[in-house]
Amino acid sequence: MTDPRTTVVVITHNRRPELLRTLGHLARLPEKPRVIVTDNGSTDGTAEAVARHHPGVRLLRPGRNLGAVGRNLAVREVRTPYVAFCDDDSWWSPGSLAGAADLLDRHPALGTVTARIIVEPDGTEDPIVRELRDSPLPRPSWLPGPALGSFLAAATVLRTDAFRTAGGFHPRLWLGGEEELLAADLAADGWWLTYAEALTVHHQASTARDPTLRRRHGIRNTLWFTWLRRPAGPALRRTLNLARTVPRDTVSLLAFAEAAAALPWVLRERRVLPHEVESRLRLLEPSQRGSTARRYTG
């Protein structure tokens with residue numbers, strides 16, 4: 001069942017055991033996808049272990065931690081029509097990459113396909129799946145699943161050309177809700193985003209993470225996206241709502257301060273979304289207010 005349509009891109013930083021586990025799962029996929037790993041400046045022997053145990057993997061070593069921009073670096077080398085993102089602590093189920101490629105082949109206006117996420121080792125469904133499944137956005141009759149306003153990078157297959165044209169992940173956002181800005185720009189380019197229940201990604205969260213930093217960046221990036229793309233009224237409402245609902249602690253204060261300090265470049269780069277895309281985002285606001293995942297990570 002070898003399938004040459006999709007390349008898998010993985011970013012990693014100091015998670016050698018998790019990455020080797022993920023690469024083992026990817027190597028056993030029937031699709032046999034090409035895999036590109038960007039090692040974001042690991043110091044734990046990650047690059048050497050990949051070269052030794054998975055010599056067929058294309059390994060990029062930028063020499064520093066680029067965050068999500070490490071995906072942009074890898075996509076430059078992608079030669080397939082579709083690219084699947086994968087974190088170093090997640091992996092695709094057999095047949096899911098081919099299933100996503102089939103959907104993208106079948107629907108030329110479809111830009112991204114996001115899979116169902118199963119949390120390991122318990123095999124339970126990630127709570128965010130319910131939000132994807134129950135998305136309130138209206139959709140065209142041809143769309144094969146619920147329409148989405150954003151996507152989860154570790155569980156999504158995208159059109160390579162659409163990703164490049166939209167500019168990839170913004171270098172300022174680094175990591176933490178970095179998908180929201182790119183998703184809006186894809187929608188502004190005319191692409192639709194969907195959730196596909198039949199496709200599956202497994203996620204076994206690494207313990208080698210800094211949740212405090214991720215939350216700080218998530219709040220900051222939500223603010224930046226809001227100020228970069230939303231009209232003045234919705235931007236003000238979302239900013240105030242975020243200020244009311246995030247935890248009242250130093251992390252949140254630092255996030256708001258960092259976001260505000262960047263207002264000069266935000267205003268220089270501000271480009272309000274087309275009316276039809278903005279209308280979809282307004283429909284999502286009630287569900288965003290009730291979602292812990294979106295509230296803290298965009």
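The structure presented is a predicted model; accordingly, all values stated were derived computationally and were not measured.
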Query - Arg130 atom CZ: more than 12 heavy-atom contacts under 6.0 Å - result: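 Atom CZ in Arg130 is not packed in, count stays at 12 or less.
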Query raised in the report: What is the ring orientation for Trp91 with His202, classed by angle as parallel under 30°, tilted 30 to 60°, or perpendicular over 60°?
Result: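 Ring orientation, 0 to 90° scale: parallel.
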Side chain [X], main chain [Y], donor-acceptor under 3.5 Å:
X: Thr7; Y: Arg34; value: no
X: Arg229; Y: Trp224; value: no
X: Arg172; Y: Asn221; value: no

Among the clusters formed by ILVMFWY side chains lying less than 4.5 Å apart, do [X] and [Y] turn up in the same one?
X: Leu158; Y: Leu103; value: no
X: Tyr82; Y: Leu97; value: yes
X: Leu175; Y: Val37; value: no

**Report entry** Minimum heavy-atom distance between Leu186 and Ala162, given as atom pair plus value
**Finding:**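 Minimum heavy-atom contact is CD2-O, 3.5 Å.
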Query raised in the report: Minimum heavy-atom separation for Leu110 to Arg159, with atom names?
Result: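 Between these two residues, the closest heavy atoms are O-NE, 2.5 Å.
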Report task. Assess the pair Phe151 and Phe85: is the distance between their ring centroids shorter than 6.0 Å? Result ->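 Here the rings of Phe85 and Phe151 have centres that are no less than 6.0 Å from each other.
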Query - Test of ring centre spacing under 6.0 Å for Phe163 and Phe169 - result: yes
Query - Residues that Glu18 engages under salt bridge (Lys or Arg N to Asp or Glu O under 4.0 Å), provided they are two or more places apart - result: none
Query raised in the report: Can you list the steps and then say if Thr156 with Thr114 is a side chain to side chain donor-acceptor pair (under 3.5 Å)?
Result: CA-CA 4 Å; Thr156 299; Thr114 297; 2.8 Å; yes
